[in-house]
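Here the structure is a predicted model, which means the values were calculated and not measured.
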Amino acid sequence: MSEPRLVIFDCDGVLVDSEHLSHTVLQQMLGELGVELSLEATYGHFMGTSERGLLQVAAGLLGRAVPADFIAAFVARTFDAFRAELRAVDGVHEVVRALPSPYCVASNAPREKMRFTLGHTGLLPHFEDRMFSAEDVERPKPAPDLFLHAARTMAARAEHCVVIEDSPTGVAAARAAGMRVLGYAAMTPAARLHEAGADTTFGHMRELPALLQAAHAADAGVLSRLIRKTPS
């Protein structure tokens, strides 16, 4: 038990309640280009994607490349929305303050965005030296690279990590990394998170401490079984 267990949080939608705001901006901008999507369809197409993935999906919907300034305009308009309305996910401050395990955040978002959203919601002091971005690796989620990079940096083995994710993309990345995943089903249907590989799902942060305690207990049970089977 000398190696630490590690809790890895996604950022958008898990720590900060940003998904509704950013997807509303994206829906509006796509509408201005002639692509009419419901907000739910916008979530389905774009939730959990990196900037590179966003451009690829948007180009597919448009049938052509998006304007060269699309990302810059999207970031500017999203940050305006964040300044006006962004909040931490309900209950997450209490969860993070009470965590006995090492923890970090690993997001497809750029580090600049994470610093802004975590800073705006008062969470940055908890994550100042433990932020990992898709900018740090060659392949963003759904590849496992980001989670594996975070685990290595935090000196934890993949099988000792529990990931908190709210998108099928992030769940798939965690499973590919060999980590357990708790799916936060506040905006994504629980069934979609289970289909992507989530071990279990929950709908409010108040449920998370008990789920993490169960994960600790599962680890302890595995360890005791291994000890009993080890020849003397």
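Taking every heavy atom of both residues into account, P144 and R139 meet most closely at CD-NH2, 4.0 Å. Closest heavy-atom contact between P168 and T188: CD-CG2, 4.0 Å. The two atoms that bring G13 and V89 nearest to each other are O-CG2, 3.8 Å, heavy atoms only. Closest approach of S38 to A41, counting heavy atoms only: OG-N, 3.0 Å. Nearest heavy atoms, L30 versus A58: CD2-CB, 4.2 Å. The two atoms that bring P125 and G122 nearest to each other are CD-O, 3.6 Å, heavy atoms only.
Between E36 atom CD and T42 atom OG1 the span is 10.0 Å, to the nearest 0.5 Å. Within the model, atoms OG1 of T78 and CZ of F116 stand 10.5 Å from one another, a figure rounded to the nearest 0.5 Å. From L55, atom CG reaches atom CD1 of I71 across 4.0 Å, with rounding to the nearest 0.5 Å. One distance of note links NE2 of H194 with CZ of R192; it measures 13.5 Å at 0.5 Å rounding. Atoms OG and CG, on S107 and L146 in that order, are 7.5 Å from each other to the nearest 0.5 Å. A distance of 11.0 Å separates CZ in R87 from NE2 in H93, rounded to the nearest 0.5 Å.
Using a distance-only test at 3.5 Å, with no hydrogens or angles considered, a donor-acceptor pair links the side chain of N108 to the main chain of G48. Of the possible donor and acceptor atoms, one in the side chain of K141 sits under 3.5 Å from a partner among the backbone N and O of A106. Side-chain N or O atoms of S133 include none that pairs as donor or acceptor with a backbone N or O of D136 at under 3.5 Å. Proximity of a side-chain donor or acceptor of T121 to a complementary backbone N or O of L118 within less than 3.5 Å is detected. Checking side-chain atoms of E207 against main-chain N and O of H204 turns up a donor-acceptor pair under 3.5 Å.
Between V181 and F147 the shortest side-chain heavy-atom distance does not fall below 4.5 Å. Between M131 and L124, the closest side-chain pair of non-hydrogen atoms falls below 4.5 Å. A 4.5 Å side-chain heavy-atom check between P209 and V95 finds at least one atom pair inside the cut-off. Taking 4.5 Å as the limit, some side-chain heavy atom of C11 sits within range of a side-chain heavy atom of V16. Residues E51 and P110 form a side-chain contact, since some pair of their non-hydrogen atoms from C-beta on lies under 4.5 Å apart. Side-chain atoms of D10 and V163, non-hydrogen and from C-beta on, never get closer than 4.5 Å to each other. When side chains are defined from C-beta on, I8 does not count as touching M154, because their heavy atoms never get closer than 4.5 Å. You'll find the side chain of M187 stays beyond 4.5 Å of the side chain of D166, heavy atoms only.
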*Take L212 and S101, measure what side-chain contact (heavy atoms from CB on, under 4.5 Å) needs, and give me the verdict at the end.*
CA-CA 9 Å; L212 291 174; S101 301; over 6 Å; no
_Run the side-chain contact (heavy atoms from CB on, under 4.5 Å) test on L208 and Y184 for me, step by step, so that the C-alpha distance in whole Å, both residues' side-chain angles and the decisive distance to 0.1 Å come before the verdict._
CA-CA 9 Å; L208 182 56; Y184 180 46; over 6 Å; no
*H126/L99 under side-chain contact (heavy atoms from CB on, under 4.5 Å): CA gap, chis, key distance, verdict*: CA-CA 11 Å; H126 297 293; L99 271 178; over 6 Å; no
_Walk me through whether F202 and I164 qualify under side-chain contact (heavy atoms from CB on, under 4.5 Å)._
CA-CA 10 Å; F202 64 104; I164 317 302; 3.9 Å; yes
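For the pairing with D12, the side-chain hydrogen bond (donor to acceptor under 3.5 Å, both in side chains) check across S18, S22, S167 returns one residue only, S18.
Between F127 and Y103, the ring centre distance stays below 6.0 Å.
More than 12 heavy-atom neighbours from other residues, nucleotides or ligands sit within 6.0 angstrom of CD on E94. At most 12 non-hydrogen atoms from other residues, nucleotides or ligands lie less than 6.0 angstrom from CZ of R52. The neighbour count for E32 CD, taken as heavy atoms of other residues, nucleotides or ligands under 6.0 Å away, is above 12.
The aromatic rings of F82 and F79 sit tilted, their planes meeting at an angle between 30° and 60°.
Linking ILVMFWY residues whenever their side-chain heavy atoms come closer than 4.5 Å, directly or via other members, places V105 and V92 in the same cluster. Residues V7 and L123 are members of one and the same hydrophobic cluster, defined by side-chain heavy-atom contacts under 4.5 angstrom among Ile, Leu, Val, Met, Phe, Trp and Tyr. In terms of hydrophobic clustering, with Ile, Leu, Val, Met, Phe, Trp and Tyr side chains grouped at heavy-atom distances under 4.5 Å, M179 and V137 are assigned to a common cluster. With hydrophobic clusters built from ILVMFWY side chains whose heavy atoms lie under 4.5 angstrom apart, L39 does not share a cluster with L26. Hydrophobic clustering keeps F132 apart from M114 (ILVMFWY residues linked when any side-chain heavy atoms are closer than 4.5 Å, directly or through intermediates).
Classification of R77 and D80 as a salt-bridged pair fails, no side-chain N sitting under 4.0 Å from a carboxylate O. With respect to R180 and D199, no salt bridge is recorded, no charged nitrogen being found less than 4.0 Å from a carboxylate O.
Legend: ring-ring contact (aromatic ring centres under 6.0 Å, His included) pairs involving residues 13-59, not counting sequence neighbours, sorted by first then second residue: H23-Y43.
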